[in-house]
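Report on one structure; see the data block that follows.
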Amino acid sequence: MVEIKTDTALATMREAGRVVAQALAAARRSAAVGVRLRELDEAARTVLTKAGARSPFLGYQPSFAPTPFPGVICASVNDALVHGIPDDYRLRDGDLVSIDCGAELDGWTGDAAISFTVGTPRPADLELIAATQRALDAGIAAATVGHRIGDISHAVNTVARTARCGMPADFGGHGIGRQMHEDPYVPNHGRPGRGFALRHGLTLAIEPMLMAGGRDDYRTDPDGWTLRTIDGSRAAHIEHTVAITRDGPRILTLP
């Protein structure tokens with residue numbers, strides 16, 4: 001069931017989203033050559049704790065996962081697409097890192113992700129991140145009253161394919177509100193004019209995940225969580241929680 005949020009709920013979701021942005025910023029500030037992924041998780045965890053927010057990631061166990069998720073962030077490096085576990089891996093010069101984080105505050109949830117490089121960046125990685133950001137921007141621009149989910153999906157897909165990037169067919173964005181994952185599903189590929197109609201008060205997490213190699217298939221690590229590109233190419237993931245409003249799309253996960 002799709003829940004349309006009141007303006008009061010949107011205001012509370014904005015506060016949850018602000019905490020997410022602050023946690024992501026803290027994780028990024030902590031990222032440097034030699035730093036463990038676990039330390040990035042600790043930085044984000046400190047932000048959540050100080051804000052009185054709960055992590056919807058910590059302990060989350062969907063049907064595909066063999067164990068509950070152990071962190072408050074997903075930390076995916078290089079060919080890891082999404083759902084990377086923040087473990088003792090030490091960041092290296094030139095790594096491409098994607099951090100996904102959520103926060104629940106006063107019963108409402110925010111969810112966002114960033115991608116960035118550590119140390120000396122590879123030009124191809126910067127191009128991949130820029131393409132992922134363009135795909136997200138296009139999806140957000142299409143998130144207007146009167147459009148449909150397929151318009152968002154088509155916008156994201158058009159940018160990704162123009163950049164000759166692959167995207168996992170069975171992972172995409174989602175509704176969000178009282179829970180991190182709600183209806184409707186927001187695929188990163190689709191036909192314009194199709195799917196659920198967008199209306200004021202609908203809140204969505206829009207999240208393109210681009211793979212530089214151009215293939216759409218992926219593999220899962222033995223941990224049951226981390227998804228990797230099948231060809232070893234690098235991946236980027238950028239996400240915002242967005243409210244559809246009469247005045248246009250409102251990004252709820254900005255600082």
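Quick caveat: nothing in here was measured; it's all calculated off a predicted structure.
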Derivation and outcome, side-chain contact (heavy atoms from CB on, under 4.5 Å), residues T117 and R122: CA-CA 8 Å; T117 57; R122 298 184 183 186; over 6 Å; no
Euclidean distance, D216 CG relative to T229 OG1, rounded to 0.5 Å: 12.0 Å
Approximate separation, where rounding is to 0.5 Å, of S153 OG and R191 CZ: 12.5 Å
Working for side-chain contact (heavy atoms from CB on, under 4.5 Å), residues D100 and D111: CA-CA 8 Å; D100 194 355; D111 185 14; 3.0 Å; yes
Pairs where residues 163-172 contributes a residue and the test salt bridge (charged side-chain N to carboxylate O under 4.0 Å, His left out) is met, not counting sequence neighbours: none
Close side-chain approach of P68 to F57, heavy-atom, < 4.5 Å: no
Path from I206 to I244 over hydrophobic side-chain contacts below 4.5 Å: yes
Contacts of R45 that satisfy salt bridge (Lys or Arg N to Asp or Glu O under 4.0 Å) - sequence neighbours left out: D41
Heavy-atom closest contact (A51 atom, V19 atom, distance): CB-CG2, 3.7 Å
Any F69 side-chain heavy atom under 4.5 Å of L58 side chain: no
Spacing of CG belonging to L204 relative to CZ belonging to F196, to within rounding of 0.5 Å: 9.0 Å
Pair D221 + R228: basic N to acidic O under 4.0 Å: yes
SB check E39 R29 (cutoff 4.0 Å): no
Basic-acidic side-chain contact under 4.0 Å: D79, R234: no
Pair D231, S233: side-chain N/O donor-acceptor within cut-off below 3.5 Å: yes
Test side-chain contact (heavy atoms from CB on, under 4.5 Å) applied to C165 and L128, step by step: CA-CA 8 Å; C165 292; L128 177 63; 3.8 Å; yes
Y60-H83 aromatic ring centre distance below 6.0 Å: no
Flag for H237-S115: side-chain donor and acceptor within less than 3.5 Å: no
side-chain contact (heavy atoms from CB on, under 4.5 Å) between E104 and R178, intermediate numbers included: CA-CA 8 Å; E104 181 185 306; R178 299 180 193 274; over 6 Å; no
Contact check, side chains of F116 and I99, non-hydrogen atoms, under 4.5 Å: yes
T12 (side chain) donor-acceptor with T8 (main chain) under 3.5 angstrom: yes
Closest contact, heavy atoms only, L40 versus A27: CG-O, 3.4 Å
Between CG on residue L210 and OG on residue S98, distance to nearest 0.5 Å: 10.5 Å
